[in-house]
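I have placed the structure first, in the form of structure tokens, so that the comments after it can refer back to it.
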Amino acid sequence: MNNRLYKDAQKHLEKGDYDGAFARAFEILRDEASLKPSQIEDLFDILSYCFESWTHEKSRRISDEEQVQLVSIAEKFADTGAHASFLFYLALNAYAREDYLSAEKLMSRSVAIVNSNLIEYKSSFLHNTELYIDALCWQSKFDQAISACEDWLRLANEELVENDIFTATIHKKLADIYAAQGKAAEAEEHLKRCIWLHENEACLLCSDAQSAIQAYASFLDGQGRSEEASKQRELLPVDAR
């Protein structure tokens with residue numbers, strides 16, 4: 001590996017110059033034949049930091065050509081946590097530029113890597129799956145999204161304590177998907193479960209709980225059940241009703 005370029009990439013990363021770090025890491029990756037797997041992982045880590053920063057700051061989007069080259073390089077190496085993380089942040093970048101098909105494909109691959117190594121990467125699977133589901137929903141692939149949510153929920157119930165508050169996020173996502181399909185009964189079931197989980201943890205005042213209560217109240221209004229909707233809003237702080 002070109003050690004000079006690598007050290008230069010690290011220096012740019014430390015200074016917060018993500019464009020400079022990306023350019024140097026990408027240049028090294030193009031000479032992939034000379035790289036060891038551990039070096040590839042180090043470069044993936046640098047690029048992941050760049051993607052995360054760009055997405056958060058909305059400061060840069062990689063081009064389609066850059067994405068194709070990076071995915072091609074990544075797929076030639078063993079499936080590791082660094083590989084999955086790299087694809088995740090690459091998917092975030094695609095998602096930010098509204099390329100939902102690419103985001104779906106990248107996240108699907110990332111989730112598959114993590115899912116095949118759950119003992120080591122199960123935490124990543126639990127927290128990274130939402131982007132994959134969102135990408136499916138943006139393309140109206142609701143049946144696939146529901147299936148992915150059910151896998152997500154099943155693993156969460158296996159790996160976390162019973163009724164863990166994390167699963168409220170999954171139930172809210174399922175409620176949104178069923179509502180988009182016009183399946184009111186299923187949507188209501190998951191909204192009620194989401195709110196119950198927050199109530200069970202005595203955190204009805206947290207932002208996620210308030211969002212779920214507002215969503216359920218709006219759902220009830222849409223069903224012509226205004227009295228029930230009003231009772232839900234009574235759970236909210238006065239300034240949030």
For [X] and [Y], work out which heavy atoms get closest and say how close.
X: Cys206; Y: His198; value: SG-ND1, 3.8 Å
X: Ala156; Y: Ile170; value: CB-CD1, 4.0 Å
X: Ala179; Y: Ala187; value: N-CB, 3.8 Å
X: Phe86; Y: Ser48; value: CA-OG, 3.3 Å
X: Leu174; Y: Cys149; value: CD2-CB, 3.5 Å
X: Cys194; Y: Ala168; value: SG-O, 3.5 Å

Would you mind reporting whether [Y] and [X] have side-chain heavy atoms less than 4.5 Å apart?
X: Leu43; Y: Tyr6; value: yes
X: Ser226; Y: Leu220; value: no
X: Ile46; Y: Arg24; value: no
X: Leu5; Y: Glu27; value: yes
X: Glu130; Y: Trp152; value: yes
X: Asp19; Y: Trp54; value: yes
X: Ile177; Y: Glu186; value: no
X: Asn163; Y: Arg193; value: yes

Is it true that the side chains of Gln67 and Ser102 contain a donor and an acceptor less than 3.5 Å apart?
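Side chains of Gln67 and Ser102: pair found under 3.5 Å.
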At what distance, to the nearest 0.5 angstrom, does [atom1] of [X] lie from [atom2] of [Y]?
X: Leu160; Y: Leu155; atom1: CG; atom2: CG; value: 7.5 Å
X: Leu191; Y: Tyr178; atom1: CG; atom2: OH; value: 12.5 Å
X: Asn157; Y: Phe166; atom1: CG; atom2: CZ; value: 10.5 Å
X: Tyr132; Y: Leu106; atom1: OH; atom2: CG; value: 12.0 Å
X: Asp99; Y: Lys105; atom1: CG; atom2: NZ; value: 9.0 Å
X: Cys137; Y: Asp176; atom1: SG; atom2: CG; value: 8.0 Å

Please state whether the rings of Phe22 and Phe26 are parallel, tilted or perpendicular, taking 30° and 60° as the class boundaries.
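Phe22 and Phe26: tilted rings.
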Do any N or O atoms from the side chain of Ser218 and from the backbone of Gln214 form a donor-acceptor pair under 3.5 angstrom?
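The answer is yes, because a donor-acceptor pair under 3.5 Å joins these two groups.
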N/O donor-acceptor pair under 3.5 Å between Asp164 side chain and Thr167 backbone:
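No, because the side chain of Asp164 does not come within donor-acceptor range (under 3.5 Å) of the backbone of Thr167.
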Joint cluster assignment, Leu101 & Trp138, ILVMFWY side-chain distance < 4.5 Å:
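Not linked; separate clusters.
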Cluster check Val68, Phe88: I/L/V/M/F/W/Y, side chain < 4.5 angstrom:
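No, Val68 does not connect to Phe88 through the hydrophobic network.
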If hydrophobic residues (ILVMFWY) are linked whenever their side-chain heavy atoms come closer than 4.5 Å, directly or via other members, who joins Leu197 in its cluster?
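The other cluster members (ILVMFWY side chains, heavy atoms under 4.5 Å, direct or chained) are Ile165, Trp196.
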Side chain to side chain contact (heavy atoms under 4.5 Å, CB included) evaluation trace for Leu29 with Leu47
CA-CA 10 Å; Leu29 274 171; Leu47 293 176; 3.3 Å; yes
Pairs where residues 216-232 contributes a residue and the test salt bridge (charged side-chain N to carboxylate O under 4.0 Å, His left out) is met, not counting sequence neighbours
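Passing the test, one end in residues 216-232: Glu188-Arg225, Asp221-Arg233, Arg225-Glu228.
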His171: which of His190, Glu189, Lys192 passes side-chain hydrogen bond (donor to acceptor under 3.5 Å, both in side chains):
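When side-chain hydrogen bond (donor to acceptor under 3.5 Å, both in side chains) is applied between His171 and each of His190, Glu189, Lys192, only His190 qualifies.
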Audit row: Lys173, Ile133, side chain to side chain contact (heavy atoms under 4.5 Å, CB included) steps and yes/no:
CA-CA 9 Å; Lys173 185 67 64 178; Ile133 293 166; 3.9 Å; yes
Check the surroundings of atom CD in Glu158: do more than 12 heavy atoms from other residues, nucleotides or ligands lie under 6.0 Å from it?
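More than 12 heavy atoms, drawn from other residues, nucleotides or ligands, come within 6.0 Å of this atom.
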Enclosure of Phe142 CZ (heavy-atom neighbours >12, cutoff 6.0 Å):
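Check passes, neighbour count above 12.
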Would Asp143 and Gln181 count as a side chain to side chain contact (heavy atoms under 4.5 Å, CB included) here? Give the steps.
CA-CA 9 Å; Asp143 289 340; Gln181 290 184 301; 3.3 Å; yes
Sidechain N-carboxylate O distance under 4.0 Å for Lys11, Asp8
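No.
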Going through the checks in order, is the side chain to side chain contact (heavy atoms under 4.5 Å, CB included) test met by Ile195 and Gln232?
CA-CA 10 Å; Ile195 294 169; Gln232 283 298 312; 3.8 Å; yes
Under the rule for salt bridge (charged side-chain N to carboxylate O under 4.0 Å, His left out), what residues qualify as partners of Lys141, not counting sequence neighbours?
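Salt bridge (charged side-chain N to carboxylate O under 4.0 Å, His left out) list for Lys141, sorted by chain: Glu104.
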